[in-house]
Amino acid sequence: MSVRVRIAPSPTGNLHIGTARTALFNWLFARHHGGQFLLRIEDTDIERSKPEYVENILSGLQWLGLQWDEGPFFQTQRLHLYQAGIQKLLAKGLAYRSYETPEELEQLREAQRAQGLPPRYDNRHRHLTPEEEAKFIAEGRQPVIRFKIDDDREIRWQDMVRGEVVWQGKDLGGDMVIARASGQPLYNFVVVMDDIDMGITHVIRGEDHIGNTPKQILLYEALGAPVPKFGHTPLILNQQGAKLSKRDGATSVDEYRMMGYLPEAFNNYMLLLGWSPPDTRELYTLEEAIPVFDFDRINKAGARFDLDKLNWINSQYLHQKETKELLPLVLPFWQAAGYSIDQEGDREWLMAILDLIKPSMTVLKDAVGLASYFFTDLPDYKEAAKEILQQPQTKTVLQKAKEILETTPRLAAEQAKATIDGLGKELGLKKGAVMKPLRCALTGDVHGPDLLISLALLHQKHKALPRLHYALHL
RNA sequence: GCCCCCAUCGUCUAGAGGCCUAGGACACAUCCCUUUCACGGAUGCGACACGGGUUCGAAUCCCGUUGGGGGUACCA
C-alpha cells in the first residue's frame, strides 16, 4: 500500500514553525517512500478561522517548497461527510444525544475539582429514557452528540517514534462530544472521518496530539476503518523549554521570511530539530534529505529553538549562493530601505557590492546595513569615525588621496591597491595609518568590508571625492 | 490534582552493554589569516540529573526519586 500522509493546519493563525516542521517531516516521509502528501485545512472552528490565515499557510508552505500532491481540502466544504458519519454512529448506538447545559458541566467540573478528582464527564445522559429526552427537548435544550467511551477499555498502539503507548479508557474523560449543539462537528471526529476518507496511512503530528490518539483509535474502530500508523514528533520549545507561543518572539514562518532567512536554510534547521543525520554532516537541502530521512532517527525529547544555529545555517547557504542568484533576493530589501537603484544599469555595480558584503551577511536583511554607505550621498558618520577624522595625520592622508582621485577618473580595485600603497610609501606611513582615516572618511565607520574595493566602487559613482572633501572640512 | 511523554556539554545532538579518556555542530574563548569587521583555518572550554539494582562490565537494561514538557473543552 502506498504511503499517504497529510498536514492539517487550522487557519487560526499564520503558518506556525511547529506546523511547518510537521509539514516538513510529512513531506520528507512521503517523498522518501514515494507516497502522497496532502494538505487539509481544518476550519471547523468558524469563529477563529480566517481566510487570510489560509492564504498565509498556503504561501508559507510554497515558500518552503513543501508542495502538496492533493488539496487543499477544506473541512467546511465536507460537512455532509461528517453528518453521515454522525448518523452512522447514532444508528449503531455508539453515540447519543446529550442535553446538559454548559453551566451544568461547569458545576460538575467544579465539584470534581473540589474533591481533587480529575475533571471528566460522568456519562449522565448516556441512557436517557424517551420521557427524559422529551422533557429536555421541551425545555428547548439543544443536544450535543457524544461518542461512547468505555472506562475499562485499554487502547494501545505502536508509535513510530515512541514505541508502544498504552492508554486506559477511564483516563479519556468520559463520553466525548463529537458535534456541538449547533451541529458543528468537532476536531477529533472530523480528523478521523477525513483521514479515513482520504486514505491516510500514517498520521505524523506533534506530541501535543498524543492524548487525542486513543480517542481517535476508538473512532476508527467504531467507524469500521483500519487504524493508520501514528508518529508523534517532539515539540519545538522556546528558550525556556516550554511550548512555543506567540509571546516567544517570531513564531510564524512569515516573520523569518521577512527577516531574510532562506527557505532552504529554514528547512535545514527545522530538519535538525528533532531529527539527526546518519553522519556528522548537518547541511542538507530538501532533495538531499529525502533519501536519508527516516523515523528511526527522530528524537523523543523536545528541542529548543536556537536562533544562533539557524543564523549559522542561514549564513552558510547565503555564502554558498552565487551572487547573481542572491541579487534578486537582496534587491527587495534594498528597495524597502529606500535605496534608489537602477536594476538594469547598475547590475554590475550591485553585483560587486554584493560580492563584497556577502561573507558578512547572516540574513538577507543584513545587506541593508552593510551596503548603506554605497547608496547614500554621504555616509552616516559614527562617533568613533569622527574621532579618527579629527586626528592631525588624517588631513594629510585624505588630502593626498583626494589629489590622486581627482586625476584618476576611474579606478579598478587592483589599481586602488597600488595607489593606496604608493600613497603610504610617499607619506612614510604604515598601511593602517592610511587605511583607517580613509575608511572613516569613505564609509563613516571604523570597520567594514574591504576598503579598496569599496573605494573603487564608490569612485565609480562619483561618491568618493565628495566624501574626502567633506571629511577634510569636518 | 489526574493522565501521558521525556531526561548526554549553555543549545541541537551522536551513542542499540565493552569500540567512551563520551564524538560532532552552534555559541563562547584564544591564536593564525587580514588595514578593520566579517569569512575561512587551528586550538581550547564544556555533559551522561540523582539513588538503587541487573551484569565480569552500564550513558546504554530495570526500579525509584527529582526535574522538565504535553494533555486534561460544545478549540485545533
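Side chains are part of it too, since the values below use all heavy atoms of this structure and drop only hydrogens, waters and symmetry mates.
Counting non-hydrogen atoms under 4.0 angstrom, E42(A) reaches the backbone sugars and phosphates but no base. As judged by a 4.0 angstrom heavy-atom cut-off over every strand, G448(A) is placed among the base-contacting residues. As judged by a 4.0 angstrom heavy-atom cut-off over every strand, V177(A) is placed among residues touching the sugar-phosphate backbone only. Across all strands shown, H209(A) has heavy atoms under 4.0 Å from base atoms, whether or not it also approaches the sugar-phosphate. Residue contacts for L451(A): at a heavy-atom cut-off of 4.0 Å it reaches a base atom on one of the strands shown. Among the heavy atoms of the strands lying under 4.0 Å from R439(A) is at least one base atom, whether or not backbone atoms are also near. Residue-level contact check: D450(A) touches the bases, meaning some heavy atom is under 4.0 Å from a base atom. Among the heavy atoms of the strands lying under 4.0 Å from A181(A) is at least one base atom, whether or not backbone atoms are also near. Note on T44(A): only backbone sugar-phosphate atoms sit closer than 4.0 angstrom, heavy atoms only; bases stay farther off. R48(A) comes within 4.0 angstrom of a nucleotide base, judged by non-hydrogen atoms across all strands. Looking at heavy-atom distances under 4.0 Å, G206(A) makes no contact with the nucleic acid at all.
For Q316(A) and G40(B), the shortest distance from a side-chain N or O to OP1 or OP2 is below 4.0 Å. Checking the phosphate oxygens (OP1, OP2) of A76(B), no side-chain nitrogen or oxygen of T12(A) falls inside 4.0 Å. Distances shorter than 4.0 Å separate some side-chain N or O of R180(A) from OP1 or OP2 on C75(B). For R297(A), a side-chain nitrogen or oxygen approaches OP1 or OP2 of G15(B) to under 4.0 Å. In this structure, N299(A) reaches the A14(B) phosphate: one of its side-chain N or O atoms is under 4.0 Å from OP1 or OP2. K309(A) has no side-chain polar atom (N or O) that falls below the 4.0 Å cut-off from OP1 or OP2 of C26(B). Not one side-chain nitrogen or oxygen of T280(A) sits closer than 4.0 Å to the OP1 or OP2 atom of G23(B). Of the side-chain N and O atoms in K243(A), one or more sit less than 4.0 angstrom from OP1 or OP2 of G71(B).
Per the geometry, CD1 belonging to I298(A) stands 18 Å off P belonging to C5(B), to the nearest Å. Counting to the nearest Å, the P atom of U36(B) and the CG atom of L452(A) are 12 Å from each other. Distance, I217(A) CD1 to C4(B) P: 15 Å, rounded to whole Å. Atom CG of D308(A) and atom P of U13(B) are 15 Å apart (whole Å). The nearest whole Å value for the distance from the CZ atom in R113(A) to the P atom in G1(B) is 14 Å. As rounded to whole Å, 15 Å separates atom C1' of A14(B) from atom NZ of K300(A). For W167(A) and C5(B), the CH2 to P distance is 7 Å, given to the nearest whole Å.
Under the Watson-Crick or G-U wobble criterion, with both distances below 3.5 Å, C2(B) is paired with G71(B). Summarising the base pairing, A58(B) is matched to no nucleotide, lacking a Watson-Crick or G-U wobble pair whose two defining distances lie under 3.5 Å. With both pairing distances under 3.5 Å, C39(B) is matched to nothing as a Watson-Crick or G-U wobble pair. Across all strands shown, U34(B) forms no Watson-Crick or G-U wobble pair with both distances under 3.5 Å. Nucleotide U11(B) forms a pair with A25(B), judged by Watson-Crick or G-U wobble geometry with both contacts under 3.5 Å. Across all strands shown, C45(B) forms no Watson-Crick or G-U wobble pair with both key distances under 3.5 Å. C20(B) is unpaired under the Watson-Crick or G-U wobble criterion, no partner having all donor-acceptor distances under 3.5 Å.
Here, G69(B) and C74(B) have their P atoms 26 Å apart, quoted to the whole Å. Annotation: C12(B) and G70(B) have their P atoms spaced 15 Å apart (nearest Å). One C1' atom belongs to C63(B), the other to C9(B), and the distance between them is 28 Å to the nearest Å. Using atom P as the reference point in both A27(B) and C50(B), the two lie 29 Å apart (nearest Å). Straight-line distance between the P atoms of C28(B) and U65(B): roughly 41 Å, to the nearest whole Å. The separation of A29(B) from C6(B), taken at their P atoms, amounts to 37 Å, rounded to a whole angstrom.
Aromatic ring centres of F189(A) and Y220(A): separated by at least 6.0 Å.
Using a 4.0 Å cut-off between charged nitrogen and carboxylate oxygen, R78(A) and D197(A) count as a salt-bridge pair. Between R48(A) and D43(A) no salt bridge is recorded (no basic side-chain N to carboxylate O distance below 4.0 Å).
Mapped onto RNA chain B by nearest heavy atom, S10(A) and P234(A) fall at different nucleotides, with P234(A) at the one closer to the 5' end. Nearest-nucleotide assignment on RNA chain B puts the 5′-proximal partner with V165(A), out of V165(A) and S182(A).
Between the side chain of E282(A) and the base of G24(B), a donor-acceptor pair under 3.5 Å is found. Judged by atom type and distance alone, N212(A) reaches the base of A76(B) through a side-chain donor-acceptor pair under 3.5 Å.
Seen from the ring of Y121(A), R124(A) does not count as a face-on cation partner, given the 6.0 Å and 45° thresholds.
In this structure, F293(A) and F295(A) have perpendicular ring planes: the angle between them is above 60°, well past the 30° mark. The aromatic rings of Y99(A) and F136(A) lie parallel to each other, their planes meeting at an angle below 30°, with 60° marking the opposite boundary.
In this structure, W275(A) contributes its side chain and D294(A) its backbone to a donor-acceptor pair below 3.5 Å. Judged by distance alone, with hydrogens and angles left aside, the side-chain atoms of N26(A) form a donor-acceptor pair with the main-chain N or O of I204(A) at under 3.5 Å. Without hydrogens or angle criteria, N56(A) side chain to L15(A) main chain gives a donor-acceptor distance under 3.5 Å.
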